[in-house]
Amino acid sequence: MKKFLLVAGFLMGLSAPDLYAQGNNYVQDYTKYEGLALTPPMGWNSWNKFACNIDEKLIREIADVMVSSGMKDAGYQYINLDDCWHGERDSLGFIHPDAKRFPSGMKALADYIHSKGLKIGLYSDAGSQTCGGRPGSRGYEFQDALTYAKWGVDYLKYDWCNTEGLKAEGAYKTIAAALKRAGRPMVLSICEWGNDEPWKWGPAVGHLWRTTGDIFNCFDCVEDHGTWKSFGVMQILDKQKGLRQYAGPGHWNDPDMLEVGNGMVVNEDRAHFAMWAMIAAPLVAGNDLRSMSATTLQILTNKDVIAVNQDSLGIQGFQYREKDKLEIWFKPLQDGDWAVCFLNRNDIGQQVNFDWSKEVVDDSLSKRKIEIGGRGYTLRNLWTKKVAGTTKKAFKAVVPPHDVLMFRLSKN
Ligand code: GLA
């Protein structure tokens with residue numbers, strides 16, 4: 001391995017001292033880079049909208065719009081290429097991008113993205129092939145990590161197709177070690193769909209882990225693909241039950257990427273975005289930013305909702321009550337603030353009547369409690385931006401179908 005690394009390093013322009021400076025060559029460090037993703041990662045990923053149909057022109061244009069639309073200013077940072085950027089491995093095993101789709105090469109694309117003040121993510125797979133049938137990293141982990149580092153990659157999503165005989169924890173530890181050894185800090189996004197309870201071993205190994213199978217662009221449906229299923233926004237939300245204790249700064253539950261702007265109606269997009277904010281999910285847009293409507297942009301760049309998601313405490317929100325498909329969720333925030341979200345999953349509008357003086361919102365996980373005494377809290381509607389009274393009075397309103405009312409509670 002030492003010899004191989006040296007050869008690989010020389011081929012890639014690293015010197016022997018560079019390689020040896022990374023420490024002794026037979027002890028591996030199977031842990032992630034610390035200090036990354038202290039709040040849920042925000043960015044864009046190609047898969048939900050474009051699947052395998054990606055090329056460097058598209059990615060450059062998306063990076064341009066990320067900046068010009070104001071999304072970068074709103075906090076979006078990563079431009080992530082999902083499956084199918086790959087070409088072939090060469091005779092020495094080095095992976096190359098698809099030469100037709102990425103004629104300028106991956107380093108040039110990374111340089112372009114960096115020149116915009118953004119970061120670049122790539123995708124690979126722990127198995128022999130990716131889910132899209134491209135070369136996987138199995139057996140090439142250290143070599144691929146060196147290649148990604150040399151290109152200037154900042155984020156790696158690592159999938160779980162074609163992994164015959166592998167165990168997830170071990171396989172993800174191998175790629176974490178490879179990234180460490182390659183020496184460039186990268187976010188590691190564990191994508192094994194929650195099969196092997198990654199929330200239990202993932203926090204030390206990666207920065208986020210998928211908790212479910214793939215999202216499907218519908219509010220409340222399951223899409224059957226024959227050998228596998230994908231899930232609507234509400235189904236994915238339900239699968240997050242019991243996981244909030246595992247999330248926190250640097251390590252997040254990942255309920256999959258956003259479908260905002262991909263075809264649901266506007267109230268469903270709003271509810272989707274609001275709930276992903278409430279559960280401290282990574283906010284990875286999955287739509288065509290180049291042609292999005294003003295409404296989609298408004299949802300994706302709602303700074304108050306993003307602030308709930310990006311809150312520095314990093315506490316995932318929780319469901320407080322559910323009745324007749326009306327759910328009430330809370331999320332403790334820094335400075336004693338709270339977010340509250342009334343989610344109506346029903347097909348008809350539903351009346352809320354929430355009398356703060358009769359409720360006890362007491363989160364044993366974060367040891368935080370809403371104190372209704374004294375002057376109470378002001379409620380600010382995070383979508384209309386209007387103040388909607390205080391906790392001194394019962395809150396009464398109608399939540400439209402498949403929609404949310406979302407507020408920030410601040411101490412008076
Ligand atoms: C899996 C992942 C998706 C996407 C595709 C690409 O299904 O869960 O998010 O990366 O593979 O093939």
Side-chain angles (χ1 to χ4, degrees), residues 40-55 58-59 62 78-87 95 97-98 101-102 120-138 144 148 153 155-164 166 168 171-172 175 186-199 202 206-218 221-233 235-237 239-240 243 252-263 272 276 281-288:
M42 290 178 69
W44 176 88
N45 174 294
S46 54
W47 185 253
N48 283 355
K49 178 70 187 177
F50 297 98
C52 275
N53 198 13
I54 56 173
D55 58 31
L58 166 75
I59 302 299
I62 293 286
Y78 294 99
I79 303 284
N80 292 350
L81 285 66
D82 207 277
D83 206 346
C84 304
W85 59 265
H86 322 69
I95 186 75
D98 181 320
R101 291 177 176 269
F102 297 91
I120 180 171
L122 281 189
Y123 161 102
S124 190
D125 189 288
S128 53
Q129 288 182 36
T130 69
C131 299
R134 304 305 198 270
S137 288
R138 186 170 188 178
D144 284 354
Y148 305 153
V153 171
Y155 184 116
L156 178 67
K157 173 175 168 184
Y158 205 57
D159 213 343
W160 192 244
C161 280
N162 306 304
T163 47
E164 295 85 339
L166 285 178
Y172 283 94
I175 194 66
M186 274 181 231
V187 169
L188 177 58
S189 158
I190 296 171
C191 180
E192 58 80 83
W193 319 307
N195 292 356
D196 226 4
E197 302 188 307
W199 40 88
H207 302 86
L208 59 158
W209 50 84
R210 281 274 296 280
T211 53
T212 69
D214 289 5
I215 196 166
F216 189 75
N217 184 28
C218 68
C221 76
V222 175
E223 182 73 6
D224 196 341
H225 305 268
T227 51
W228 60 287
K229 290 183 176 140
S230 54
F231 305 94
V233 170
Q235 275 71 28
I236 298 252
L237 182 63
K239 291 174 190 288
Q240 308 311 310
L243 299 184
W252 308 101
N253 290 309
D254 175 7
D256 207 358
M257 304 169 292
L258 295 165
E259 291 283 13
V260 174
N262 277 343
H272 174 23
W276 262 229
L283 297 180
V284 182
N287 58 314
D288 187 348

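Just so it is clear, the model here is predicted, and its values are computed rather than measured. We count ligands from 1, going down the list as the structure has it; atoms in each ligand are counted the same way.
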- prompt: Any donor and acceptor pair, going by atom type alone, linking the side chain of Gln235 with main-chain N or O of Cys221 inside 3.5 Å?
  reply: yes

message: Checking Asp83 against Trp47: is there a side-chain donor and acceptor pair closer than 3.5 Å?
response: no

Top protein contact for atom 5 (C) of ligand 1, by heavy-atom distance: Trp47 CE2, 3.6 Å

- prompt: Hey, which atoms in ligand 1 end up nearer than 4.0 Å to a heavy atom of Cys191?
  reply: 2 (C), 8 (O)

message: When you compare the side chains of Asn262 and Glu259, does any donor N or O come within less than 3.5 Å of an acceptor on the partner?
response: yes

message: Taking ring pair (Phe, Tyr, Trp, His ring centres under 6.0 Å) as the definition, give me every residue that meets it alongside Tyr172, ordered by chain and number, with sequence neighbours left out.
response: Tyr158, Trp160, Trp201

query: Just by distance, do the side chain of Asp196 and the backbone of Pro198 share a donor-acceptor pair under 3.5 Å?
result: no

message: Show the atoms of ligand 1 that are less than 4.0 angstrom away from any heavy atom in Cys131.
response: 1 (C), 11 (O), 12 (O)

query: Is Asp83 close to ligand 1, meaning an N/O of one under 3.5 Å from an N/O of the other?
result: yes

task: May I ask you to list the atoms of ligand 1 that are less than 4.0 angstrom from any heavy atom of Asp159?
output: 1 (C), 2 (C), 5 (C), 10 (O), 11 (O)

message: If I apply the N/O under 3.5 Å rule, does Lys157 come out as touching ligand 1?
response: yes

- prompt: Can you tell me if Trp160 has a non-hydrogen atom under 4.0 Å from ligand 1?
  reply: no

- request: Evaluate the ring planes of Trp276 and His272, with Trp represented by its six-membered ring, and classify them as parallel (under 30°), tilted (30 to 60°) or perpendicular (over 60°).
  value: perpendicular

task: Compute whether any side-chain donor of one residue and acceptor of the other, for Ser46 and Asp82, lie under 3.5 angstrom apart.
output: no

statement: Looking only at protein heavy atoms, what sits closest to atom 10 (O) of ligand 1 is Asp82 OD1, 2.6 Å

- prompt: Considering only the protein, which heavy-atom contact is closest to atom 8 (O) of ligand 1, and what is its distance?
  reply: Asp214 OD1, 2.5 Å

